[in-house]
Amino acid sequence: MATAAERDPLELQIRERPVPAHVGIIMDGNGRWAEERGLPRLEGHREGSNSVREVTRTARRVGVQALTLYAFSAQNWSRPADEVAGLMDLLREYLESERQEILENGIRLEAVGELDRLPRFVRAPLEAVREVSAGNRGMVLTLALSYGGQEEIAAAAESLVQRARAGTLPPGPIDVDTFARELWTCGLPPVDLVIRTSGETRVSNFMLWQSAYAEFIFVDTLWPEFRARQFLAAVLEYQHRERRFGLTSAQLPK
Ligand code: IPE
Ligand code: IPE
Ligand code: MG
C-alpha cells in the first residue's frame, strides 16, 4: 500500500518525470535562523540536522541517486573556535545517531573534502559508517566536509603531476574525463541540480567542476526550515527547466 508521502500530490507529480540523478545542496542560513530567535548559532546548526534527515529521506524516496550536502567548507575553519568546535560535535552526533537510518534505507555514505583536517572523533565514526554502508546501492549520500571546489581542483592537478612523475599516468592529453577521475567525487554523476537556501545567490566554492551544467535553484528559506515540501518543490521546478547543454532548443530530443 502506498504511504501517505507517496500519495502526496506534489510527490505524485514529481514521479511523472525524471528526477535529477545528482542533487547538491548548499545548506545555508542556520546562524540567521538561530539569531532571529535569540538563540546561540549552534542551535541553528542543531535544528539544521533535522532538515538533513528529512531531505535525505525524501530524496531517497523519490529516486535521487546521489545527494551531496555541503556541511562544512574549507573556509569555515576560520569561524570562531567555539562555533567550529560545536559544529564538529554535531557532526559526530549526526554520524552516530543516523547510522541506523542510513543502513535501513540502503544508503551509502561518502565524504569529500580535506578529511584529514577533521578531528579524530569525527573521522572515526565517519569511516565506520562509510565502511559499514559501502555495499548499499540505494542512494549515495556524500557529505562535503572541509570541502572547497578550488582546493579539490588543485589537489587533482597535484595528483596528475605526481602520477606523471611516478610514470603511472598513461601518455596522452589531459582531457576532461582524465581530469575528472582525479577529483574527490570520482564515480559520482555530474551534479544536475544545486539548491542553495537562505537567499544568498553565490556558490561559495561548492562543486565548481561538477556543477558545470547544473541547474541552480536559490530559495529564501533558511536551512532549518527547508524540509520535504521545499525539497520536492525544488525538484519540480528543476523538472520544468530546459537543459540545453549548448545545443539549440530544436536539437533536443522531444
Ligand atoms: C550554514 O549556515 C552552515 C555552515 C556554513 C556550517 P551558516 O552558519 O552559514 O548560517 P548563516 O549564513 O550565518 O545564517
Ligand atoms: C557555504 O556557506 C558553506 C556551507 C553551507 C557549508 P557559508 O555561509 O560559509 O558561505 P558564505 O560565507 O556566505 O559565502
Ligand atoms: Mg552562511
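All figures in this text were calculated on a predicted structure; none of them were measured in a lab. Just so you know, ligand 1 is whichever comes first in the structure, and atom 1 is the first atom listed for that ligand. Heavy atoms only: backbone and side chains are in, while hydrogens, waters and symmetry mates are out.
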Discussion item. Is it true that Y147 and E114 share a donor-acceptor pair across their side chains at a distance under 3.5 Å?
Written reply: no
Worksheet item: Is there a heavy atom of H45 sitting under 4.0 angstrom from any atom of ligand 1?
Response: yes
Worksheet item: Strictly under 4.0 Å, does any heavy atom of E35 approach an atom of ligand 1?
Response: no
Discussion item. Tell me whether T142 contacts the main-chain N or O of A111 through its side chain, where contact means a donor paired with an acceptor under 3.5 Å.
Written reply: no
Fill in: Any donor-acceptor N or O pair under 3.5 Å, side chains R196, T201
no
Worksheet item: How far is atom 5 (C) of ligand 2 from its nearest protein heavy atom, and which residue and atom name does that atom have?
Response: M27 O, 3.5 Å
Worksheet entry | Check: Y238/R17 side-chain N/O donor and acceptor closer than 3.5 Å | no
Practice prompt. May I ask you to decide whether E11 forms a salt bridge with R15, counting only side-chain N to carboxylate O separations under 4.0 Å?
Written response: yes
Worksheet item: Where do E151 and Q75 land on the side-chain hydrogen bond (donor to acceptor under 3.5 Å, both in side chains) test, with the steps shown first?
Response: CA-CA 10 Å; E151 287 77 359; Q75 287 65 38; 2.9 Å; yes
Practice prompt. Can you pull out the closest protein heavy atom to atom 6 (C) of ligand 1? Residue, atom name and distance to 0.1 Å, please.
Written response: A71 O, 3.4 Å
Fill in: Pair W223, S198: side-chain N/O donor-acceptor within cut-off below 3.5 Å
no
Discussion item. Can you tell me which portion of F72 lies within the under-4.0 Å heavy-atom range of ligand 2? Options are side chain, backbone, both, or neither.
Written reply: backbone
Worksheet item: Has S198 got any heavy atom lying under 4.0 angstrom from an atom of ligand 1?
Response: no
Worksheet, complete the sentence: A student checking ligand 2 against D28 at a 4.0 Å heavy-atom cut-off should list atoms 2 (O), 8 (O)
Discussion item. If the cut-off is 4.0 Å to any non-hydrogen atom of R79, which atoms of ligand 2 fall inside it?
Written reply: 7 (P), 8 (O), 9 (O)
Discussion item. At less than 4.0 angstrom from any non-hydrogen atom of R32, what atoms of ligand 1 do you find?
Written reply: 11 (P), 12 (O), 14 (O)
Worksheet item: With a 4.0 Å cut-off, would you call R108 and E110 a salt bridge?
Response: yes
Response to the item:
When distances are taken from atom 2 (O) of ligand 2, the protein heavy atom at minimum range is R196 NH2, 3.6 Å
Worksheet item: In the protein, which heavy atom is nearest to atom 3 (C) of ligand 2, and how far is it?
Response: Y70 CE2, 3.7 Å
Worksheet item: Near R202, which atoms of ligand 2 are under 4.0 Å from a heavy atom of that residue?
Response: 11 (P), 13 (O), 14 (O)
Item to complete: Report yes if N76 has an N/O atom closer than 3.5 Å to an N/O atom of ligand 2; otherwise report no.
Response: yes
Practice prompt. Verify, without hydrogens or angle tests, whether N76 (side chain) and F72 (backbone) share a donor-acceptor contact under 3.5 angstrom.
Written response: no
Worksheet item: Restricting to N, O or S atoms of D28, which is nearest to the Mg ion (ligand 3)?
Response: OD1
Item to complete: Starting from atom 10 (O) of ligand 1, find the nearest protein heavy-atom neighbour and note its residue, name and distance.
Response: G31 N, 2.9 Å
Worksheet item: Which residue and non-hydrogen atom of the protein lie closest to atom 14 (O) of ligand 2, and at what distance in Å?
Response: S204 OG, 2.6 Å
Discussion item. Determine whether any protein heavy atom is located less than 4.0 Å from atom 12 (O) of ligand 2.
Written reply: no
Worksheet item: Under 4.0 Å between a Lys/Arg side-chain N and an Asp/Glu carboxylate O for E47 and R53?
Response: no
Discussion item. Regarding N30 and H45, do their side chains bring together a donor and an acceptor under 3.5 Å, going by distance alone?
Written reply: yes
